[in-house]
2 protein chains.
Amino acid sequence: MNSEFTIAVHSLALLAHIPEHMASSELIAKNVCTNPARIRKIMSILRKNGFVKTKEGIGGGYILACDPNEVTLAEIYCSISNGTLKPHWCSGDPQEACQVSANMHGVMDQIFTEAEMYFTKYLEQITIQTVLDKVRQGCQENSQQ
Amino acid sequence: MNSEFTIAVHSLALLAHIPEHMASSELIAKNVCTNPARIRKIMSILRKNGFVKTKEGIGGGYILACDPNEVTLAEIYCSISNGTLKPHWCSGDPQEACQVSANMHGVMDQIFTEAEMYFTKYLEQITIQTVLDKVRQGCQENSQQ
DNA sequence: GTAACTGTACGAATTATTATTACAGTACTC
DNA sequence: GAGTACTGTAATAATAATTCGTACAGTTAC
């Protein structure tokens, strides 16, 4: 998995943090610590999925178009990074006579797909607002564990 | 996450498939489709965790040292790839005045850590024997879903 | 018309992953 | 004890994935 999911969550939390204003890709990029083009690419996907509204031209940028209490990280993950949990490399060789070698790829694929469902089920419990609240608390839960 | 977890599962299933014989790193590597040195590195970790026994010298190699019905993929994952679910890239900058930027890294870290626990909980349901059975069935469940 | 934005594409730079090679150590066989 | 077939481990090379930087067309406000 690459970091686009993380960046999407960060960006949406930031927009939820300043619900009154439009934020430019440059502003978001600085906050996230990446470059504006990458932000624009990710925000473009988020727009197509209805999470944000965008406005081109002077004074334009991005603004939240959803209720941060309603949208879960699962929806964001599915929009941006669905199916990227499993590694790219594949084990075994379908041409092999040995069943273990021939079928392992399919079996691991199945396992990772199902594992991703569990992963997603957890993300369903977290909303953009949850993330924003944690961020505003300075992530104090860390020190209590 | 890299592919070491996949390779470990594949190797252990293969050893469970041929419980009578020792398998050399070269044999396992061919089955998995990688090189012997990589297999030896991974098997070395599995040995330290008690999943396999190794024997050096002529006629040596690797053999299963656990009950394939007892050992779950969760244990294997924890031995080999624990904590590798989250991407390497980090969002935000702790030095920033903006709370969102400053604390997002910690918050996402916490989320990924907890998500990994859910991921692991799923892997607890799958044993080496489960994988071996699926492989022997030619992974027919795929076509039934 | 111009300035400030987004949308998108492409190549460069960086980083992660995998492969290769090498060699010391161990155990069996003759 | 010499030779052979293994593991254990490290270092480096090759490959692939990820991220960055730049560019430019399209849009909107003034």
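Chain letters run A, B, ... following the sequence lines, proteins first, then strands; residues in each count from 1.
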Practice prompt. Go through residues 79-94 of chain A and report each residue with a non-hydrogen atom lying under 4.0 Å from DNA chain D, sorted by number.
Written response: A:His88
Discussion item. Clusters formed by hydrophobic residues whose side-chain heavy atoms approach within less than 4.5 Å: which one holds B:Met22, and what are its other members?
Written reply: B:Ile63
Worksheet item: Just by modelled atom types, is the A:Pro68 backbone N or O under 3.5 Å from a matching donor or acceptor in the A:Gln129 side chain?
Response: no
Worksheet item: Rounded to the nearest Å, what distance is computed from the CZ atom of residue B:Arg40 to the C1' atom of nucleotide C:dG25?
Response: 12 Å
Worksheet entry | Along DNA chain D, first and last positions that approach a heavy atom of chain A under 4.0 Å | D:dA17 to D:dA29
Worksheet item: Hey, are the side chains of B:Lys121 and A:Tyr122 touching, using non-hydrogen atoms and a 4.5 Å cut-off?
Response: no
Discussion item. Within residues 45-58 of chain B, which residues have any heavy atom lying less than 4.0 Å from an atom of DNA chain D?
Written reply: B:Arg47, B:Lys48, B:Thr54, B:Lys55, B:Glu56, B:Gly57, B:Ile58
Practice prompt. Please tell me which of A:Gly59 and B:Met43 maps to the more 5' nucleotide of DNA chain D, matching each residue to the nucleotide holding its nearest heavy atom.
Written response: B:Met43
Worksheet item: So which of residues 22-38 of chain A are in contact with DNA chain D, with a heavy-atom cut-off of under 4.0 Å?
Response: A:Thr34, A:Asn35, A:Ala37, A:Arg38
Worksheet item: What's the CG-C1' distance between A:Asn2 and C:dT15, to the nearest Å?
Response: 13 Å
Worksheet entry | Spatial distance of atom CZ (B:Arg136) from atom CG (A:Asn103) [nearest 0.5 Å] | 11.5 Å
Worksheet item: Are B:Met1 and A:Trp89 co-members of a hydrophobic cluster defined by side-chain heavy atoms under 4.5 Å apart?
Response: yes
Atom pairs and distances, side-chain donor-acceptor, residues 2-13 of chain B, under 3.5 Å, sequence neighbours left out:
unit_1  : atom_1 : unit_2  : atom_2 : d
B:Asn2  : OD1    : B:Glu4  : N      : 3.1
B:Glu4  : OE2    : B:Lys41 : NZ     : 3.3
B:His10 : ND1    : A:Ser91 : OG     : 2.5
B:His10 : NE2    : B:Asn31 : OD1    : 2.8
B:Ser11 : OG     : B:Ile7  : O      : 2.8

Practice prompt. Measure from CE on A:Met1 to P on C:dA16 and round the result to the nearest Å.
Written response: 16 Å
